[in-house]
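Note sheet for the following structure.
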Amino acid sequence: MLQGLPPAVSPDTRLLVLGSFPGVASLQAGQYYGHPRNHFWPLMAALLGEDLPALPYPQRLARLNARGVGLWDVYAACRREGSLDSAIRDAEFNDLPGLLQRLPGLRAIAHNGAESARGMRFTQGLGLPVWRLPSTSPANASWSFDRKRAAWAQALAGADLIPSP
């Protein structure tokens, strides 16, 4: 079984972004969205107006948390060959209700991609707005960067992190 990463949140988290499970590059680096072609960090940079990709990972994560964005995954552990979500087997869910008890300012949850969105049956019962967003993965080539940015902007605006688009 592969083990995921711990939550990257702060008490000020207003938007919790949930991926499915870290890819191989992310697990090897011990970093969320560690694949160099993943659009997550460039998207956040464009939306928050900070050059996050230029920062070392700990500072990037600290800046994201300071802006009210937290990161975690729907799955705590799974079996998988490679990085594709379609290869996930025997997945074990993270304790989202337990995490939410530590996030008093949480305003919304955003699922990053279709596999993460399978967890919406759980997150929609948590009493918060829940967004299904296009995956930032390089495997999601059918969405342009600009189209992804527009969708993600709605979620960040919904959590009062940026002005409404």
Side-chain angles (χ1 to χ4, degrees), residues 1-9 13-48 52-53 57 60-61 64-65 68-100 103 106-126 128-159 161:
M1 290 290 279
L2 298 170
Q3 297 298 314
L5 301 172
V9 297
T13 297
R14 293 185 309 235
L15 177 68
L16 179 62
V17 175
L18 294 173
S20 55
F21 191 79
V24 171
S26 294
L27 288 174
Q28 288 174 345
Q31 300 179 1
Y32 283 99
Y33 306 106
H35 192 288
R37 290 194 332 259
N38 192 295
H39 282 161
F40 180 80
W41 293 109
L43 272 174
M44 290 295 107
L47 293 168
L48 298 175
L52 297 171
Y57 180 75
R60 190 182 321 161
L61 204 52
L64 195 68
N65 285 170
V69 179
L71 305 176
W72 209 20
D73 290 306
V74 170
Y75 303 131
C78 70
R79 297 184 195 287
R80 183 184 64 201
E81 293 291 326
S83 293
L84 294 177
D85 283 348
S86 60
I88 291 175
R89 302 286 181 263
D90 304 322
E92 298 174 4
F93 285 91
N94 269 316
D95 179 15
L96 292 171
L99 178 66
L100 269 53
L103 304 176
L106 192 66
R107 295 182 184 162
I109 296 171
H111 287 275
N112 185 353
E115 183 63 30
S116 171
R118 288 184 184 208
M120 286 179 76
R121 64 181 185 264
F122 301 111
T123 56
Q124 288 176 328
L126 297 172
L128 295 166
V130 177
W131 296 81
R132 178 182 176 164
L133 298 174
S135 174
T136 60
S137 167
N140 184 17
S142 64
W143 282 65
S144 70
F145 182 85
D146 288 339
R147 191 172 168 209
K148 288 178 189 180
R149 184 177 60 213
W152 279 75
Q154 291 179 3
L156 270 69
L161 298 174

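Note that the structure is predicted; figures quoted are calculated from it, not measured.
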Search all heavy atoms of W72 against all heavy atoms of L99 and return the closest pair with its distance. CE3-CD2, 3.2 Å
Tell me the closest heavy-atom pair linking R60 and P53, and the distance in Å. NH2-O, 3.9 Å
Within the distance-only criterion (no hydrogens, no angle test), does the side chain of D73 pair as donor or acceptor with the backbone N or O of L5 below 3.5 angstrom? no
Under the side chain to side chain donor-acceptor pair (under 3.5 Å) rule, what pairs show up with a residue in residues 128-139, not counting sequence neighbours? N38-T136, N112-T136
Quick check: closest heavy atoms across M1 and D90, and the distance to 0.1 Å? CE-O, 3.4 Å
Quick one: does L161's side chain get under 4.5 Å of R14's, heavy atoms only? yes
More than 12 heavy atoms of other residues, nucleotides or ligands under 6.0 Å from CZ of R107: is that the case? yes
How many angstroms lie between atom CG of N94 and atom CG of L18, to the nearest 0.5 angstrom? 8.5 Å
Once rounded to the nearest 0.5 Å, what's the spacing between atom CZ of F40 and atom NZ of K148? 12.5 Å
For A151 and L133 the tightest heavy-atom approach is O-CD2, 3.5 Å
H39 and side-chain contact (heavy atoms from CB on, under 4.5 Å): which partner among Y33, F145, W152? F145
For the OG1 atom of T13 and the CD1 atom of I109, what is their distance to the nearest 0.5 Å? 11.5 Å
Hey, would you say the F122 and F93 ring centroids sit under 6.0 Å apart? yes
A side-chain contact here means heavy atoms from C-beta on lying under 4.5 Å apart; do T123 and V74 qualify? no
Rounded to the nearest 0.5 Å, what's the gap from CH2 on W41 to CG on L48? Could you check? 10.0 Å
Check whether Y57 reaches the backbone of G34 with its side chain - one donor and one acceptor, N or O, closer than 3.5 Å. no
Working for side chain to side chain contact (heavy atoms under 4.5 Å, CB included), residues R80 and L27: CA-CA 12 Å; R80 183 184 64 201; L27 288 174; 4.2 Å; yes
Taking atom CE of M44 and atom CG of L64, what is their separation to the nearest 0.5 Å? 7.0 Å
Can you check whether R147 reaches P134 side chain to side chain, under 4.5 Å on heavy atoms? no
Please name the pair of heavy atoms, one in S20 and one in E115, separated by the smallest distance, quoted to 0.1 Å. CB-CG, 3.7 Å
What's the separation between atom CG in L126 and atom CG in L106, rounded to the nearest 0.5 Å? 9.0 Å
So, for A91 and C78, which heavy atoms are closest and what is the spacing to 0.1 Å? CA-CB, 3.9 Å
